[in-house]
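Reminder, nothing fancy here: chain letters follow the sequence lines and each chain counts from 1. Just so it is clear, the model here is predicted, and its values are computed rather than measured.
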Amino acid sequence: MKRRLILKLAGAMLAGSVAFSGAALAADVIKFGAVAPKTGPLAGGAVVTHWPNIKLWAAQINARGGLKLKDGQRKIEIIEYDDQTNPGETIKAVQRLVTQDKVDFLIGPYGTGFNLAVAPVFAKYGYPLIAMTAITDQIPDLAKKFPGMFFTLGSTTPIVQGVADILSELVADGKIGNKIAMVNVADAFGIELANAARPIFKAAGLDVVYDKSYPLGTQDLSPIVKGAKAASPDAFIAWSYPPDTFGLTGQAMVQGLDVKVFYTAVATSFPAYGGKFGSAANNVMGTGGVNPDDPAIKAYMKAHKEITGLDADFWASSSVYSSLQILEQAIEGVGEVDRAKVTEYIKNNSFKTILGDITFDENNNNVNFWTVGQWQDGVYQGVKAVGRDGAKEVRLKSGWK
Amino acid sequence: MNNKDWRNLGLAALGLAIAACLPLSGNGYYLTIGVTIAMYTVLATSWALFSGPTHYISLATAAFYGLGTYVVAMGIDDVPYVILLVIALGVGAIAAGLVGLATLRLSGVYFVIFTLGLAEMTRQVVTWIQSNWGGHQGNYVLTDITEEMIYWQLLAVAACVYLVGWLIGRSRLGFALKIIGNDEVVAAHSGINTARSKVILFMVSGMVAALVGAILAPRWTYIEPSMAFSPMLSFQVVIMALLGGVNRLWGPLVGVIPFTLLWEAVSISFPNQTLLLMGVAFLLIVYAIPHGFVGLIEKYNARFRGDG
């Protein structure tokens, strides 16, 4: 019995190592390692926002002949691993990419927690880490601890401030009253945003008349919406995750929650949101955005659809792609595969991306980003940004038809 | 202690010494695999300490592990790390004690279901506490603790678990548990305080799981309830322990090592079909070696079925 099993295991491992060395041939390509979920709870987001952009980016670079280095052009190869939405697997896969696959560069993983979990490993081996899907207020601390870590998606406070600014402007113009119903998913992201929002809303003269949290994975969100409705607010703000973003919107439609501002957080910018709710989604606000009329964004979205067969989302997709552009331009700027020099280059230069120019501040942070967007006639438009042009006028929500 | 005991002790010490040299290889990848193996060895062995003799299948590992992780996540800014490890041990013991007192009168499938729900409930309670009183999230664990240090700590815990397991096996408590596992009514009639024995063992395994969670917290840097209380962990521990065999102290170890290596081989070769192929591998394992790695399991299995 035992011997048979050992034989089998040895066979499996042999098969594994053969397949694996086959993938790592071709001497003069530049190898990039990518680890993110293809299975597990975060896979749904990663297959919309993360993986298609990597595919698009690699296809475009190879189509133009590869990255231009001092010693000529070199094509790129992506080595992908699924981390199963498990940080232990992410760390293991990064170690494997560095020590076994010997990749030249690494692409940051997907999600706040996962970017932070790999930061020590990236730092240990001297790989620059562009965190393209992380939102946190700990950026100064993290940048001090991990000098090769960069942030492109933004931080918590400006995102909340964007919402507060929109609301207080509407109140000042006499378009809505100042009563706010606020709910949040009781998970790291939702709690952090809700905690940041309470003092900011208060300072903006807003009156939070309903403030509730619900556990991650709650199936029945009707009591939450019912409670909010009973407080008869002027605006409904939800610091929500993808499943509850859809759930809360559905409940608001069913119960006819009559507010002039309806805001849900993550996934509101997904094409699937507009697709599911159709005209009812009109004038719903959400986190992040882009300027879809910008020619660079237009070209990007077209290429995204053509090469990957999927629609880009209207927020983090463009941030992921821009981060890859930064990596690309830094490698070409240095002209060789030298990770320390590339890290320095990212720190000290400005980059032309589809989102506009990106320069990192002293905390390795990109401070210019879209904070609030809104579905307007079937397109998710950026309506509030820090340092980005092209924000559209905010519209008031009227009914769920 | 007789000669055989001394020989086994010597072998164990030698194995431990060899394992402790792994970080000297300087290869971070081997070290990561080493950490995974050490972590699951400790969890599966301590799980088997309780579930092996009593035949109570517990799926609560993730609950205790997550509690340990959260002790470190919430306290790391204010309390020295070593003290947090001690607190994690205490929290694990208290939680396991309370749960044990309340539930070990349940048996069979009721106990399994309860422990599965326990991890989810603990996750919700922790989240609720955080969102109501947490203020600033205690989710960042930024320390200077390296992977080598985590690995050596886990090895030390493994050594302690083996020692404790060996002592329990020789003690009145271990004997009592074997009788409970065979027939609880007989055990009670023989004057064994069955509830007390079960609770003590359950506490040992809960303490160890909490300690492992606390030791690993610095490795994740950022702690979320969904990571800390992942039910996958509980299932993997059970599968690895059963694959190895639970009636020998070293049984889980021979399950953990091949399982980890196989998992690794599959995720390298087939990154897009990992879970699918693992499922197929499970089927093959169950089909080809239904009795686990330890030869004795056949007998154990018959007995298990006998009273199930």
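Interface summary for chain B: among K145(A), E80(A), K124(A), K38(A), the most heavy-atom pairs under 4.5 angstrom belong to K145(A). Among the candidates D141(A), V118(A), T136(A), L142(A), the residue making the largest number of heavy-atom pairs closer than 4.5 Å to chain B is T136(A). Annotation: maximal heavy-atom pairing with chain A below 4.5 Å, among T143(B), I33(B), V266(B), occurs at T143(B).
Contact annotation for residues 148-161 of chain A against chain B (heavy-atom separation below 4.5 Å): no residues qualify.
The nearest pair of heavy atoms linking E89(A) to S267(B) is OE1-OG, 4.5 Å. The shortest non-hydrogen separation linking Y125(A) to Y29(B) is OH-N, 4.4 Å.
With a threshold of 4.5 angstrom between heavy atoms, R123(B) approaches chain A through side-chain atoms but not through N, CA, C or O. No part of T146(B) comes within reach of chain A, as not one of its non-hydrogen atoms sits under 4.5 angstrom from that chain. Neither the backbone nor the side chain of Y214(A) has a heavy atom closer than 4.5 Å to any heavy atom of chain B. In this structure, chain B has heavy atoms under 4.5 Å from both the backbone and the side chain of P87(A).
Taking CG from L233(B) and CG from N86(A), the interatomic distance works out to 9.0 Å, rounded to the nearest 0.5 Å. The CD atom of Q95(A) lies 7.0 Å from the CG atom of L31(B); values are rounded to the nearest 0.5 Å. How far CG of L116(A) is from CD1 of I223(B): 10.5 Å, rounded to the nearest 0.5 Å. Rounding to the nearest 0.5 angstrom, the gap separating the CH2 atom in W220(B) from the CZ atom in F114(A) is 10.0 Å.
Atom OH of Y30(B) has 12 or fewer neighbouring heavy atoms from other residues, nucleotides or ligands inside a 6.0 Å radius.
The shortest distance between side-chain heavy atoms of N27(B) and Q100(A) falls below 4.5 Å. Side-chain contact between Q84(A) and M232(B) is absent, with no heavy-atom pair separated by less than 4.5 Å. Side-chain contact between R219(B) and V121(A): absent, with no pair of heavy atoms (C-beta onward) separated by less than 4.5 Å.
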